[in-house]
Enquirer: 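The structure's right below; bear with me while I get my questions together.
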Amino acid sequence: MEENEKILHGHLLTTKNLESFAKHRADESQTLVQDVLTNTQKGETLHLREILGDFSMNNATRMLLGKQYIGDESAGPQEAKEIMHITHELFWLLGVIYLGYYLPLWRWIDPHRCEKKMREVEKRIDDFHMRIIEEHRKKGEDEGDGNGKQHMDDVEIKALMQV
């Protein structure tokens, strides 16, 4: 794990790298303002939780995954719904006070099906990460970067994505 932390802090979270996404953040901010303006001019109700959630999600996915998921037709509406659903499920599970951590019998009974939900979310996150990794590998091969040399295995890449 030490190597992953070196990569994270030495390459991904450098000031230079974070500054390189300033244009993405500015684009997302402009989109946010334009969407709010358009909706208010039409007299539509603004759902700030949804608008700001989409804004935050797009900022994060553009920086981390190189792709905007919400509002981008190329990503596909199903993919955007999936990432939002996974995120909501994950945050719900993180907020649960789960007695199974303290009482092993509770895990076996699992009256609220938390164990099952945790396994399902874990699998969906893993599948999503693998699709992202494969997309980037394919993109690298298409751009001539596919020299077959891998610096990290899939488990290490997914760990970094989660951090």
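FYI, side chains are in, hydrogens and waters are out, and symmetry mates aren't considered; it's all heavy atoms of this structure.
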Enquirer: When rounded to the nearest 0.5 angstrom, what is the spacing between CG in Leu99 and NE2 in His112?
Expert: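 Leu99 CG to His112 NE2: 7.5 Å, rounded to 0.5 Å.
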Enquirer: Within this structure, what is the CG-CE distance for the pair Leu90 and Met118, rounded to the nearest 0.5 Å?
Expert: 11.0 Å
Enquirer: So do Ile51 and Asp35 actually touch side chain to side chain, heavy atoms under 4.5 Å?
Expert: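 They are not in contact (no side-chain heavy atoms under 4.5 Å apart), so the answer is no.
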Enquirer: Report yes if some heavy atom in the side chain of Glu115 is under 4.5 Å from a heavy atom in the side chain of Trp108; otherwise report no.
Expert: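 Sidechains of Trp108 and Glu115: no contact.
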Enquirer: Taking only residues two or more places apart in sequence, or in another chain, which ones meet Arg49 in a side chain to side chain contact (heavy atoms under 4.5 Å, CB included)?
Expert: none
Enquirer: If every non-hydrogen atom of Gly100 is compared with every non-hydrogen atom of Trp106, which pair is closest and at what distance?
Expert: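 Looking at all heavy atoms of both residues, the shortest contact is N-CD1, 3.4 Å.
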Enquirer: If you look only at pairs with a residue in residues 18-28, which of them pass as a salt bridge (charged side-chain N to carboxylate O under 4.0 Å, His left out), with sequence neighbours excluded?
Expert: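 For residues 18-28, and leaving out neighbouring residues, the salt bridge (charged side-chain N to carboxylate O under 4.0 Å, His left out) pairs sorted by first residue read Lys23-Asp27, Asp27-Arg62, Glu28-Arg62.
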Enquirer: What pairs with Arg124 under side chain to side chain contact (heavy atoms under 4.5 Å, CB included), at least two apart in sequence or on another chain?
Expert: Glu82, His85, Ile86
Enquirer: Kindly check if the number of other-residue, nucleotide or ligand heavy atoms within 6.0 Å of CD (Glu122) is above 12?
Expert: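 No, not enclosed.
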Enquirer: Output the distance between atom NE2 (His129) and atom CD1 (Ile133), rounded to the nearest 0.5 Å.
Expert: 7.5 Å
Enquirer: Which heavy atom of Cys114 sits nearest to which heavy atom of Val96, and what is that distance?
Expert: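 It is SG-CG1, 4.1 Å.
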Enquirer: What is the distance from atom CG of Leu52 to atom CG of Leu32, rounded to the nearest 0.5 Å?
Expert: 6.0 Å
Enquirer: I need the minimum non-hydrogen distance between Asp110 and Lys116, along with the two atoms involved.
Expert: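 Residues Asp110 and Lys116, closest heavy atoms: OD2-N, 3.5 Å.
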Enquirer: Can you hop from Met57 to Ile125 via hydrophobic side chains spaced under 4.5 Å?
Expert: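 Yes, same cluster.
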Enquirer: Output the distance between atom CG (Leu37) and atom NZ (Lys42), rounded to the nearest 0.5 Å.
Expert: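 The NZ atom of Lys42 is 11.0 Å from CG of Leu37, to the nearest 0.5 Å.
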Enquirer: For residues Arg137 and Asp154, determine if any side-chain heavy atom of one lies less than 4.5 Å from a side-chain heavy atom of the other.
Expert: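 A side-chain contact under 4.5 Å exists here.
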Enquirer: Would you call Lys138 and Glu134 a salt bridge, using N to O less than 4.0 angstrom?
Expert: no
Enquirer: Test of understanding: clusters of I, L, V, M, F, W, Y form through side-chain heavy atoms closer than 4.5 Å, transitively. Do Val33 and Phe55 belong to the same one?
Expert: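 They do not share one cluster, since no chain of ILVMFWY contacts under 4.5 Å joins Val33 to Phe55.
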Enquirer: Can you tell me how far apart CG (Leu103) and CD1 (Ile109) are? Round to the nearest 0.5 Å.
Expert: 9.0 Å
Enquirer: Are Leu94 and Tyr101 connected in the hydrophobic side-chain network, where two residues link if heavy atoms are under 4.5 Å apart?
Expert: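 In one cluster with Leu94: Tyr101, yes.
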